[in-house]
Amino acid sequence: MKKIISVVMLSWMLAACSEETGSYAIIIVINDIEYGGTEETLDGYEIDKIKGTITKKVPADVFPANNQSNVFEAGTTVYSVKGENAFVIVEEPDGQKHLMQRAPSANNK
């Protein structure tokens, strides 16, 4: 009986330890439009005008409200891209830049 309980407890502990924590998409919402991360590089994309600033970073598992992100800190600046409506460039306070793409569901806005 002790062996059965030990095996059950060990199985339960291993199952609990192997649960995935999940991964989350990089999302910003600026001017009520959702943008997500892209694998495209910044090459060929030029900053145009300021669209807004991230005012709050929410937890990774929370969908951001307007002017929020689940990755970028408050104070991050979001720029339009010259000649492009489908992308924005995000510049973090430390100067790092990232290209973000308009979410497919946001194309009708």
Side-chain angles (χ1 to χ4, degrees):
M1 183 67 165
K2 286 183 181 183
K3 286 183 182 181
I4 293 173
I5 292 174
S6 296
V7 170
V8 170
M9 290 296 288
L10 181 60
S11 298
W12 179 73
M13 289 173 55
L14 289 174
C17 291
S18 67
E19 286 184 20
E20 291 184 34
T21 57
S23 61
Y24 300 96
I26 298 170
I27 301 171
I28 65 168
V29 177
I30 202 79
N31 300 328
D32 294 315
I33 300 174
E34 174 190 345
Y35 296 87
T38 180
E39 293 185 18
E40 289 198 42
T41 65
L42 285 167
D43 297 339
Y45 294 98
E46 188 178 338
I47 288 176
D48 192 18
K49 299 175 183 168
I50 293 178
K51 288 186 73 89
T53 302
I54 301 299
T55 58
K56 181 179 180 183
K57 179 182 175 185
V58 298
D61 62 339
V62 173
F63 190 85
N66 194 36
N67 299 322
Q68 294 181 353
S69 173
N70 67 344
V71 172
F72 301 108
E73 299 292 334
T76 298
T77 306
V78 181
Y79 297 93
S80 61
V81 175
K82 200 171 272 188
E84 274 286 348
N85 289 326
F87 294 95
V88 293
I89 295 174
V90 175
E91 184 175 15
E92 296 183 77
D94 66 4
Q96 289 187 61
K97 294 182 180 106
H98 309 274
L99 187 66
M100 304 286 290
Q101 186 170 18
R102 182 185 284 233
S105 62
N107 285 336
N108 297 328
K109 291 184 180 180

Pairs in or reaching into residues 54-69: which pass salt bridge (Lys or Arg N to Asp or Glu O under 4.0 Å), with residues at least two apart or in two chains?
Lys57-Glu73
So, do Thr55 and Asn67 sit near enough that their side-chain heavy atoms are less than 4.5 Å apart?
yes
Measuring from Lys82:NZ to Ile47:CD1, what's the distance to the nearest 0.5 Å?
10.5 Å
Sidechain-backbone polar pair: Asn70 side chain, Phe63 backbone, donor-acceptor under 3.5 Å
no
Gap separating the CD1 atom of Ile28 from the OG atom of Ser69, nearest 0.5 angstrom:
6.5 Å
Would you be so kind as to tabulate the donor-acceptor pairs closer than 3.5 Å made by side chains of residues 89-101, with sequence neighbours excluded?
| unit_1 | atom_1 | unit_2 | atom_2 | d |
| --- | --- | --- | --- | --- |
| Glu91 | OE1 | Tyr79 | OH | 3.3 |
| Glu92 | OE2 | His98 | NE2 | 2.6 |
| Asp94 | OD1 | Gln96 | N | 3.0 |
| Asp94 | OD2 | Gln96 | NE2 | 2.9 |

Same cluster or not: Val78 versus Ile33, using hydrophobic residues (I, L, V, M, F, W, Y) connected whenever any side-chain heavy atoms lie under 4.5 Å apart?
yes
Contacts of type side-chain contact (heavy atoms from CB on, under 4.5 Å), residue Asp43, not counting sequence neighbours:
Thr41
Would a single hydrophobic cluster contain both Val71 and Ile54, if residues Ile, Leu, Val, Met, Phe, Trp and Tyr are joined by side-chain heavy-atom contacts under 4.5 Å?
yes
Separation between OG (Ser80) and CG (Asn31), nearest 0.5 Å, reads 10.0 Å
Gap between atom CG of Leu42 and atom CZ of Phe87 - 0.5 Å precision:
10.5 Å
Any donor-acceptor pair under 3.5 Å from Gln68 side chain to Ala65 backbone
yes
Supply the atom-to-atom distance Ile26 CD1 to Phe72 CZ, rounded to the nearest 0.5 angstrom.
5.5 Å
Side chains of Ile30 and Tyr35 in contact at under 4.5 Å (non-hydrogen atoms):
yes
